[in-house]
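One structure below.
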Amino acid sequence: MSNEIILVGAGHMGYAMLEGWLGAEILKPEQVVVVEPAEALRDRVEEHGCAAVSSAADLGDDLKPQIIVLAIKPQMMNDILPDYKRFGAAETTFLSVAAGTSIATIEGHTGPSPVIRVMPNTPSAIGEGMLGVFANERVSDETMQFVDQLLVTSGDVVHVEREEQIDAITAISGSGPGYVFHFIEALTEAAKAVGFEEDTALLLAKQTIYGSACLAMESENSPTELRKQVTSPNGTTAAALAVLMEGDAMTKLVTRAVTAARDRAVELGK
Ligand SMILES: NC(=O)C1=CN([C@@H]2O[C@H](COP(=O)(O)OP(=O)(O)OC[C@H]3O[C@@H](n4cnc5c(N)ncnc54)[C@H](OP(=O)(O)O)[C@@H]3O)[C@@H](O)[C@H]2O)C=CC1
Ligand SMILES: O=C(O)[C@@H]1CCC=N1
């Protein structure tokens with residue numbers, strides 16, 4: 001067993017994580033082989049010094065990777081996993097970032113194997129990700145420690161006790177950047193509606209979200225307390241929050257959205 005890693009899929013998520021691992025020098029480029037059908041995506045990993053092939057058939061016969069990272073679409077798992085059966089039921093650990101796809105589905109193709117499910121998010125690309133982790137009992141302490149070392153280069157890591165909690169994490173932090181980016185879009189549109197040009201509107205929206213998130217992380221006060229500090233009695237924030245909080249509208253809407261994402265993760269796993 002070498003400490004090589006095969007990364008299957010170098011799209012948005014696979015590449016974001018790879019960049020973090022190489023940038024933090026936890027992995028050397030020569031330890032990584034990437035399988036990716038898209039030439040342009042192979043080119044960009046080769047620029048980092050990693051080997052890249054277009055299909056599993058091009059992987060060397062003598063490869064005994066420590067970890068195979070599955071960063072492909074959940075809908076493709078059943079088509080692609082049979083190509084990796086030869087690494088299964090052995091010491092190679094499968095690490096899947098796919099939404100929904102269960103450990104049972106992976107082991108259905110690989111045979112009983114060490115499997116780790118990780119749910120990252122795209123801020124992992126700048127080391128500011130939020131990652132949820134669940135591992136089956138076949139994963140060795142040594143491999144788990146190595147994987148944790150890799151994952152912390154992408155951001156904060158939480159281990160969950162039950163596999164289904166990964167679906168819930170998917171709906172909060174996995175998909176969450178999409179909700180936040182949509183809020184930035186909405187605030188930008190609102191800024192334009194009250195008279196600003198696109199560039200200024202976007203800056204106002206992005207810096208407001210960034211500054212508020214930084215303050216929420218750094219402050220000892222809760223988000224509720226921080227909100228109250230912005231809200232002068234009978235002032236402007238109170239006027240806006242009366243709209244957003246009427247009948248708990250915002251919380252209900254976000255809860256509906258998160259539930260839809262969680263349910264979709266469960267559905268993708270079927
Ligand atoms: N994007 C996100 O924010 C997050 C995504 N995830 C999970 O990450 C996984 C990947 O998503 P994402 O990165 O967004 O998707 P992408 O489509 O960007 O990446 C998937 C990559 O896999 C490639 N691919 C297709 N077939 C094969 C194959 N046979 N062997 C190797 N690679 C192949 C695709 O190439 P091609 O385009 O040519 O088909 C594509 O480049 C999903 O399972 C998703 O649930 C998890 C958390 C967050
Ligand atoms: O939208 C998706 O299905 C993936 C999983 C979490 C974020 N993106």
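Every number for a ligand or one of its atoms is a count from 1 in the order of the listing. Below, all heavy atoms of this structure are taken into account, side chains as well, without hydrogens, waters or symmetry copies.
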CD/Glu39: more than 12 non-hydrogen atoms of other groups inside 6.0 Å: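 It does not: Glu39 CD has 12 such atoms or fewer within range.
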Amino acids in close contact with ligand 1, where any non-hydrogen atom sits under 4.0 angstrom away: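 Residue list for ligand 1: Val8, Gly9, Gly11, His12, Met13, Val35, Glu36, Pro37, Ala38, Leu41, Ala71, Ile72, Lys73, Pro74, Met76, Ile80, Val97, Ala98, Ala99, Met119, Pro120, Thr122.
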CD on Gln149 to CH2 on Trp21, rounded to 0.5 Å: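 With rounding to 0.5 Å, CH2 (Trp21) is 12.0 Å from CD (Gln149).
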Test item: Ser113 side-chain N/O and Val115 main-chain N/O as donor-acceptor pair under 3.5 Å: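 Not confirmed, Ser113 side chain does not pair with Val115 backbone.
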With a cut-off of 3.5 Å and sequence neighbours excluded, list every side-chain donor-acceptor pair involving residues 186-204.
{"residue": "Thr188", "atom": "OG1", "partner": "Ile184", "partner atom": "O", "Å": "2.6"}
{"residue": "Glu189", "atom": "OE2", "partner": "Lys192", "partner atom": "NZ", "Å": "3.1"}
{"residue": "Lys192", "atom": "NZ", "partner": "Glu198", "partner atom": "OE1", "Å": "2.7"}

Salt bridge present between Glu47 and Arg44 (N-O < 4.0 angstrom): no
Carboxylate-amine/guanidinium proximity below 4.0 Å for Arg162 and Glu164: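 Result for this pair is yes, salt bridge flagged.
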Met130 side chain reached by Ile172 side chain, heavy atoms, under 4.5 Å: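 Not touching, per the 4.5 Å side-chain cut-off.
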Within-cutoff protein neighbour (heavy atom, under 4.0 Å) for atom 2 (C) of ligand 2: no
Protein residue, atom and distance nearest to atom 5 (C) of ligand 2, heavy-atom basis: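 Nearest protein contact, heavy atoms only, for atom 5 (C) of ligand 2 is Ala99 CB, 3.9 Å.
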Protein contact of atom 7 (C) of ligand 2 - nearest heavy atom, named by residue and atom, plus distance: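 Looking only at protein heavy atoms, the one closest to atom 7 (C) of ligand 2 is Gly174 O, 3.4 Å.
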